[in-house]
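What follows is a single structure, written as structure tokens, with notes after it.
Numbers here simply count residues along the sequence, with the first being 1. Quick note: numbers below take in every heavy atom, side chains included, and nothing from hydrogens, waters or symmetry partners.
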Amino acid sequence: MAKRWAKAPSPCIGVCKFRGEAGSCIGCSMTRPEKKRFKRLEKKRKKKDFLRMLVARLTERGRLSRWERVYRRKCDRKAVPCPLDRL
């Protein structure tokens, strides 16, 4: 697996407040089960598909720009290539 995807950090940006009917986080728009599922994803394709789904959801909710900025900062702090560059 490419380094970019093997070391891809969780899309969680550390806000972790669950709201709404689906119980999605106001920071990253993931549900609790999705947060757990991402940690278990190993294949590049599955991580890529997961991030694409999440980006679409964030775009729909109008939260993509803030999340993307914070997620890129998270990747920089961890010194790993940002997977968003390869979506």
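To the nearest 0.5 Å, atom CZ of residue Phe50 and atom CZ of residue Arg37 are 5.0 Å apart. Once rounded to the nearest 0.5 Å, the distance linking SG of Cys82 with NZ of Lys7 reads 15.5 Å.
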Show your working on side chain to side chain contact (heavy atoms under 4.5 Å, CB included) between Asp85 and Arg72 and close with a plain yes or no. CA-CA 10 Å; Asp85 297 333; Arg72 286 183 184 281; 2.7 Å; yes

Between Lys46 and Lys48, is a side chain to side chain contact (heavy atoms under 4.5 Å, CB included) present by the stated rule, with each step listed? CA-CA 5 Å; Lys46 290 187 180 204; Lys48 201 173 204 179; over 6 Å; no

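Residues Arg57 and Ser29 come closest through the heavy atom pair NH1-O, 2.5 Å. Annotation for Lys47 and Leu41: closest pair CE-O, 3.1 Å, computed over non-hydrogen atoms.
A 4.5 Å side-chain heavy-atom check between Pro11 and Lys35 finds every atom pair outside the cut-off. A heavy-atom distance below 4.5 Å is not found between the side chains of Cys28 and Val15. Within the 4.5 Å cutoff, the side chain of Cys25 has no heavy atoms near those of the Thr31 side chain. Side-chain contact between Trp67 and Leu84 is present, with at least one heavy-atom pair separated by less than 4.5 Å. Residues Trp5 and Arg45 fail the side-chain proximity criterion, which asks for heavy atoms closer than 4.5 Å. Here the side chains of Cys75 and Pro9 are in contact, with some heavy-atom distance below 4.5 Å.
Panel note: side chain Arg63, backbone Gly27; no donor-acceptor pair is recorded below 3.5 Å.
Around atom CZ of Arg66, no more than 12 heavy atoms belonging to other residues, nucleotides or ligands sit under 6.0 Å away.
A search for side chain to side chain contact (heavy atoms under 4.5 Å, CB included) contacts involving Ser10 returns Cys12, Met30, Phe38, Lys74, not counting sequence neighbours.
In this model, a donor atom of one side chain and an acceptor atom of the other lie less than 3.5 Å apart for Arg61 and Ser24.
Tyr71 and Leu64 fall within a single hydrophobic cluster, where Ile, Leu, Val, Met, Phe, Trp and Tyr side chains are chained together by heavy-atom contacts under 4.5 Å.
Figure legend: Arg32 and Phe18 shown as a cation-pi pair, the cationic atom lying under 6.0 angstrom from the six-membered ring centre and within 45 degrees of its axis.
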